[in-house]
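Notes follow once the structure below has been shown.
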Amino acid sequence: MPAPITVHVAGSERSVAEGTTYGELFEDQRGVLVARVDGELRDLHLAAHDGEAVEPVTAAEQDGLEVLRHSAAHVLAQAVQQVNPSARLGIGPPVRDGFYYDFDVETPFTPEDLKALEKTMQRIVNEGQTFRRREVSDQEAAAELAAEPYKIELIGLKGGAAEDAAEGASVEVGGSQLTIYDNVRKDGTVAWGDLCRGPHVPSTKVLGNAFKLMRSAAAYWRGSERNPQLQRIYGTAWPSKEELKAYLERLAEAERRDHRRLGAELDLFSFPEVLGAGLPVFHPKGGVVKREMEDYVRRRHIEEGFSYVGTPHISREELFYTSGHLPYYADGMFPPMDLDGQSYRLKAMNCPIHNLIYRSRGRSYRDLPLRLFEFGTVYRDEKSGVLSGLTRVRMITQDDSHSYVAKEDAPAEVGHLLEFVLSLLRDFGLEDYYLEISTRDDSKPEKFIGSDAQWEEATRVLEEVAVASGLELVPDPGGAAYYGPKISVQARDAIGRTWQMSTIQYDFNQPERFGLEYQAADGTRQQPVMIHAAKFGSIERFVGVLVEHYAGAFPPWLAPVQVLGIPVAEEFEPYLREVGERLAAEGVRFELDESDDRFPKKIRNASKSKVPFVLIAGEEDRSAGAVSFRYRDGSQKNGVPVEEAVQEVLGAIRAKTQV
RNA sequence: GCUGGCGUGGCGCAAUCGGUAGCGCACCUGUCUUGUAAACAGGUGGUUGGGGGUUCGAGUCCCCCCGCCAGCUCCA
């Protein structure tokens, strides 16, 4: 008779026989995947010890969900090796919405392979194999995994170095004790095993039919392009079939909102192949969105004390040696073109030219802060594989400003800029964002210029302002530009994806390199600090984000066509045209549907074009001096007097509300 | 840049074993047009991304280039 032990189960004390497993403690509860024991996750098949505090963990919480997904990755690896025993294993961690596993295989996976693997996985799942934890010494592991070179490499890195070895590697060799997880069949035979920190779900059965393999792609081993590429399979796994379906529906919704698709459907912009990759053209309708946005942003800058300037798109190369972009950033710049024996470059940044404006005459402390601003289009030689719609292009129009301030005024200027940036984002309906602070990587001094003291001060100023904003702040070590640290705003769009938008950078380097100075009140010559700020980052990217955020249904003030008139029959065209002229006189973008389509077809077209206001007129409206509204949600308001209708439209445009 | 997949009228797609390119929408023309998501009929439009090769014959097979997609790496 084993001696009883005492454990604290979910807060209450229980006395159980020694050898009782965690799983047995939760026998009467459904959906428990692992136990949290004194804060650490453990497998359910392990025995509890005296005095432990034990809590059940289900897939309803993040920890449980990650265990579920990690186990799904194991089943995938088992399936791959079952089908192809020569496949070598990389790592297989859980990730956002799912998991992946990397394999070294002779030939990459095809979509058909994925289908077949999914079936193999389903068989393993249905079999209800259990995950068994087994502690091994380094030598034992090395012997057992002799055929798995990547695992062997990880064994050598176990412990603290694991997460440095590769993102996700700690799930394989997280602690100081190596463990192997065996998948055990119902008859007790071992089906498969993998080096793994664990823990795992009790049985493959838990995965049910709520998993799916999504795609395969190459990934560099341990995240370095100097290493060989492995074949990565991405999958998704959820606690239930319903949640899997909901996830797939979210993906479908994201696809419907994709700005590349909506851009073509709504005739906003295109990427003509002859132009070359990453070079968008804006069509008239996209041009309206872009111009409305630019007009507004320009006006707000002027209100906030910025001076609008203009600069060329190319410059003699020398300028970029002065600024330091060459050679620090040579790879990202287009190659030089030769003019009369001089090398010219497309500019990749506006700041050097703004510095020339600063330097164009002597400056006094009375000129400061000097705030120069423009929509500066820069060209960057982004690698072909990273280009993507409007969000990653080679032509980037920045709403770029440079504030030249006395050093002691820099904190106030940074604060002012951040506030300004956030107010602009709110005006465009983006409410959901967080800050990221990018700092120098101390281990790579060759990538950054400036003294330690300068970096410290710059970083401190940005940090203080960022913290004072009260927003969520995420560190990004090593992400700084060579000339200084930055704060960036990462905005979430309507479906939760994040994009780097605004950036604010503190720069003590360029003022020095350009010899910028001003005369202080005491007659001495001082060097200003410059603060770079891009409010929306890239106009192109921002348009793309807006399209997705609104799913193409822009608020009236941004909508390419604000009001579309649809006559019930041809006879009412003149009447509606008059209404349209009244609206146009107020600056409203009005179009009249004069096509020879019949009425219901016109309604359908209007609906597909996502115009905010459809105005309809037939005999009833005309004789009453009224019009009828049809809104985007299909609802209607009939017999609205024309003047009232005009006011409703104008009100929505001026208030920048969504309808 | 790397790995894989893909490229057929403006858009979405089809074309068997390699056999001489077809459909829907859009567009044009005509007959139409009265209340909230598709009237009817006819018609125009393609060097199948570009170039080269194999073949009696290439959208289909091979090579090079361009572009697109996914992921990796990168993103001042």
Side-chain angles (χ1 to χ4, degrees), chain A residues 100 102 107-111 113 167 214-234 258 260-261 264-265 267 270-279 320 323-325 328-333 348-349 351 378 380-389 391-393 396 398 438 447-449 479-486 488 500 503 505 507 509-510 532 534 537-538 541 566-573 595-609 614 616-622 628-631 634-639:
Chain A
Y100 67 79
D102 288 343
T107 48
F109 299 101
T110 64
D113 291 337
E167 198 178 332
M214 305 300 286
R215 64 177 72 90
S216 67
Y220 297 107
W221 168 239
R222 293 176 60 192
S224 167
E225 57 187 330
R226 289 186 302 275
N227 287 338
Q229 283 196 332
L230 306 181
Q231 293 300 317
R232 175 172 298 179
I233 295 180
Y234 282 91
D258 191 315
R260 292 167 297 190
R261 172 195 176 119
E265 272 174 19
D267 197 15
S270 62
F271 297 84
E273 208 180 306
V274 280
L275 263 182
L279 299 170
F320 302 110
S323 69
H325 289 101
Y328 273 95
Y329 185 54
D331 282 352
M333 292 185 72
M349 274 215 153
C351 38
V378 299
R380 296 180 183 176
D381 182 14
E382 304 282 5
K383 287 178 182 172
S384 61
V386 306
L387 300 171
S388 177
T391 47
R392 197 77 185 267
V393 287
I396 303 160
Q398 298 178 314
S438 303
K447 282 184 72 181
F448 305 92
I449 52 181
Y482 66 86
Y483 53 77
K486 76 175 172 200
S488 62
Q500 178 177 305
T503 57
Q505 288 170 278
D507 185 355
N509 268 301
Q510 288 200 50
H532 308 238
S538 143
R541 173 179 288 180
I566 300 185
V568 166
E570 203 171 341
E571 186 194 334
F572 307 101
E573 276 178 18
S595 71
D596 55 5
D597 290 324
R598 289 157 118 95
F599 185 67
K601 183 60 180 292
K602 290 186 179 188
I603 296 290
R604 176 181 155 87
N605 287 341
S607 189
K608 290 208 311 186
S609 75
V614 175
I616 293 164
E619 186 50 49
E620 282 170 38
D621 297 288
R622 183 171 62 180
S628 295
F629 276 95
R630 185 182 203 276
Y631 302 99
S635 66
Q636 41 184 303
K637 187 155 73 178
N638 298 327

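Naming convention: chains lettered A, B, ... in sequence-line order (proteins, then strands); numbering from 1 in each chain.
- Not a single donor-acceptor pair under 3.5 Å links the side chain of A/R630 to the backbone N or O of A/S607.
- Within 4.0 Å (heavy atoms only), A/D331 reaches no atom of the nucleic acid at all.
- The side chain of A/R630 places an N or O atom within less than 4.0 Å of a non-bridging phosphate oxygen (OP1 or OP2) of B/A37.
- In this structure, A/Y483 reaches the sugar-phosphate backbone alone: every heavy-atom distance under 4.0 Å involves primed, P, OP1 or OP2 atoms, never a base.
- Rounded to whole angstrom, the span from the CG atom of A/D596 across to the P atom of B/U31 amounts to 10 Å.
- If you check every strand for non-hydrogen atoms under 4.0 Å, A/N605 touches nothing.
- Base-pair partner of B/G35: not found among the strands shown (Watson-Crick or G-U wobble, both distances under 3.5 Å).
- Figure legend. B/C2 is base-paired to B/G71; pairs are counted as Watson-Crick or G-U wobble with both atom distances under 3.5 Å.
- Spacing between B/C28 and B/C61 at atom C1', rounded to whole Å, works out to 40 Å.
- Although no hydrogens or angles enter the test, the distance criterion places a donor-acceptor pair under 3.5 Å between the side chain of A/R541 and the main chain of A/T391.
- Not a single donor-acceptor pair under 3.5 Å links the side chain of A/Y483 to the backbone N or O of A/H325.
- B/C13 is paired with B/G22 under the Watson-Crick or G-U wobble criterion, all donor-acceptor distances under 3.5 Å.
- Checked by distance alone, A/E619 brings no side-chain donor or acceptor within 3.5 Å of a matching partner on the base of B/U34.
- Rounded to whole Å, the distance from NZ on A/K383 to P on B/G67 is 16 Å.
- Taking atom CE on A/M333 and atom C1' on B/C75, their separation rounds to 15 Å, with Å as the unit.
- Nearest heavy-atom pair across A/P485 and A/A480 is CA-CB, 3.8 Å.
- Phosphate contact (OP1/OP2 of B/G35, side-chain N/O of A/R622, threshold under 4.0 Å): absent.
- At a cut-off of 3.5 angstrom, the base of B/C72 holds no donor-acceptor pair with the side chain of A/R232.
- In this structure a side-chain-to-backbone donor-acceptor pair under 3.5 Å is missing from A/D102 to A/A219.
- A/G278 comes within 4.0 angstrom of the backbone, heavy atoms only, and of no base.
- Counting non-hydrogen atoms under 4.0 angstrom, A/E620 reaches a base of the nucleic acid.
- The base of B/G5 does not come close enough to the side chain of A/S216 for any donor and acceptor atom to sit less than 3.5 Å apart.
- Counting any heavy atom pair closer than 4.0 Å across all strands shown, A/A606 reaches no nucleic acid atom.
- As a whole-Å value, the separation of A/R604 CZ from B/G24 C1' is 12 Å.
- What separates CD1 of A/I616 from C1' of B/A37 is a distance of 11 Å, to the nearest Å.
- Of the side-chain N and O atoms in A/Y234, one or more sit less than 4.0 angstrom from OP1 or OP2 of B/C72.
- Protein atom CG of A/D258 is 9 Å distant from nucleotide atom P of B/C69, rounded to whole Å.
- If you check distances only, the side chain of A/R392 does reach the base of B/C74 with a donor-acceptor pair under 3.5 Å.
- At least one donor-acceptor pair under 3.5 Å links the side chain of A/R380 to the backbone N or O of A/A348.
- In this structure, A/E273 places its CD atom 11 Å from P of B/G9, rounding to the nearest Å.
- Between A/Q398 and A/H532 the shortest side-chain heavy-atom distance does not fall below 4.5 Å.
- For B/G71, its base never sits under 3.5 Å from the side chain of A/Y220 at any donor and acceptor pair.
- For the OP1/OP2 pair of B/G4 and a distance below 4.0 Å, the side-chain nitrogens and oxygens of A/R215 include no atom meeting the criterion.
- With hydrogens and angles disregarded, a donor-acceptor distance shorter than 3.5 Å links the side chain of A/K602 to the backbone of A/S595.
- Using a 4.0 Å heavy-atom cutoff across all strands shown, A/A481 reaches sugar-phosphate atoms only and no base atom.
- A/A277 comes within 4.0 angstrom of sugar-phosphate atoms only, judged by non-hydrogen atoms across all strands, and of no base.
- At a cut-off of 3.5 angstrom, counting only N and O atoms as typed in the model, there is a donor on one side and an acceptor on the other between the side-chain of A/Q229 and the base of B/C2.
- As judged by a 4.0 angstrom heavy-atom cut-off over every strand, A/T110 is placed among residues making no nucleic acid contact.
- For the pair A/K602 and B/U34, the criterion of a side-chain N or O lying under 4.0 Å from OP1 or OP2 is not met.
- Summarising the base pairing, B/U8 is matched to no nucleotide, lacking a Watson-Crick or G-U wobble pair whose two defining distances lie under 3.5 Å.
- With hydrogens and angles ignored, no donor-acceptor pair closer than 3.5 Å exists between the side chain of A/R380 and the base of B/C75.
- B/G12 atom P lies 9 Å from atom CD of A/E265, rounded to whole Å.
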